[in-house]
Number of protein chains: 2
Amino acid sequence: MDDLTEMLKGTLEGCVLEIIGSEETYGYAITRRLNELGFAGVVEGTVYTILLRLERNGLVQVAKRPSGVGPPRKFYALNDAGREELGKFWVKWQYVSSRIDRLKEGGR
Amino acid sequence: MDDLTEMLKGTLEGCVLEIIGSEETYGYAITRRLNELGFAGVVEGTVYTILLRLERNGLVQVAKRPSGVGPPRKFYALNDAGREELGKFWVKWQYVSSRIDRLKEGGR
DNA sequence: TACCACTATACGGTATCACCGAGTAGCGGT
DNA sequence: ACCGCTACTCGGTGATACCGTATAGTGGTA
């Protein structure tokens, strides 16, 4: 699959929220998770910019912990605002994707 | 539904391609069509920038025709390159949307 | 000891995209 | 003469994902 960059704009952040929401985790692992989910081109740098943005916007709670196999990890978990944002993301996704699918199917 | 801007990035152009592909039409009408399809916030300016981009990228064929109810209209139709691009867009959409839906459903 | 691979994060700069606002213009009705 | 609807153009903005580079900890190997 060729470049998905443009199509992921506006959705990748939601995907990261969902991953964090299902389990407290850190940037490097989130990148691996996205890759195995099929978002093969997503690299660390991209995920870290999203995580820093989530932190800046007060949607996550952060805890630094030692790793044992490398530098310390920054673990992320959703707070109340983050869970609310995630809910809104899925509502929006449902809305947009259903309209696009309708357009695809001859669009009435 | 609040602002869909970010989520439409990378997909709105494809939607416009699909609309043009199903019928030769012009900017103002495309905007109305998008609005009635549920993309309520999309305005003329946005659609025109997409159309100019499609033209610049050689994906459409353009014909100016008088209107009777206003200024002349620029009618757009897909050429071969446009049809190919539209095909690629739907493949990509299918790929991305299915992965996101999978993530939503507990994501294995 | 030196090097490399893997793990892990940060950050400045770039390209793309949808949007906004102001401008231009044709037509019909009051 | 004015307003509303139709119709297109264009310069500038903000948000987002990406890229490249730098920094740094751990373990393996020559």
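Every value quoted in this text rests on a predicted model; they were computed, and no experiment measured them. Within every chain, numbering begins at 1; the chains are lettered A, B, ... in the order of the sequence lines, protein sequences first and strands thereafter.
Proximity of S67(A) to the phosphate of dA8(C): a side-chain N or O atom is located under 4.0 Å from OP1 or OP2. Contact check, R53(A) against dA17(D): a side-chain N or O comes under 4.0 Å of OP1 or OP2.
Note on T5(B): only backbone sugar-phosphate atoms sit closer than 4.0 angstrom, heavy atoms only; bases stay farther off. Residue contacts shown for L52(B) are limited to sugar-phosphate atoms, with no base heavy atom under 4.0 Å away. Within 4.0 Å of P66(B), counting heavy atoms only, lies no atom of the nucleic acid at all. At the heavy-atom level, L51(A) lies nowhere under 4.0 Å from the strands shown.
The separation between L54(A) atom CG and dA10(C) atom P is 13 Å, rounded to whole Å. Residue E85(A) contributes atom CD, which lies 14 Å from atom P of dA15(D) at whole-angstrom precision. Atom P of nucleotide dA15(C) and atom CG of D3(A) are separated by 15 Å, given to the nearest angstrom. What separates NZ of K64(B) from C1' of dC8(D) is a distance of 8 Å, to the nearest Å. Between the CZ atom of R56(A) and the P atom of dC11(C) there is a distance of 11 Å, rounded to whole Å.
Residues E44(B) and R32(B) are paired through a salt bridge, judged by an N-O separation under 4.0 Å between the basic side chain and the carboxylate. Using a 4.0 Å cut-off between a side-chain N of Lys or Arg and a carboxylate O of Asp or Glu, R65(B) and E24(B) qualify as a salt bridge. Salt bridge annotation for E6(B)-K9(A): absent, with no cationic side-chain nitrogen under 4.0 angstrom from a carboxylate oxygen. Between D101(A) and K104(A) no salt bridge is recorded (no basic side-chain N to carboxylate O distance below 4.0 Å). Using a 4.0 Å cut-off between charged side-chain N and carboxylate O, R102(A) and E105(A) make no salt bridge.
Across residues 7-29 of chain B, L8(B), K9(B), G10(B), L12(B), E13(B) each have a non-hydrogen atom less than 4.0 Å from an atom of DNA chain C (numbered order).
Take the nearest nucleotide of DNA chain C for G68(B) and for T49(A): the residue whose nucleotide is more 5' is T49(A). The nearest heavy atom of DNA chain D to L4(A) and to P72(B) marks one nucleotide each, and the one closer to the 5' end goes with P72(B).
Here dA10(C) is the nucleotide among dA7(D), dA10(C), dC17(C) with the atom lying nearest to any side-chain atom of Y48(A).
Considering all non-hydrogen atoms of both residues, L51(A) and I20(A) come closest at CD2-CD1, 3.7 Å. In terms of heavy atoms, Y48(A) sits closest to Y28(A) at OH-N, 3.5 Å.
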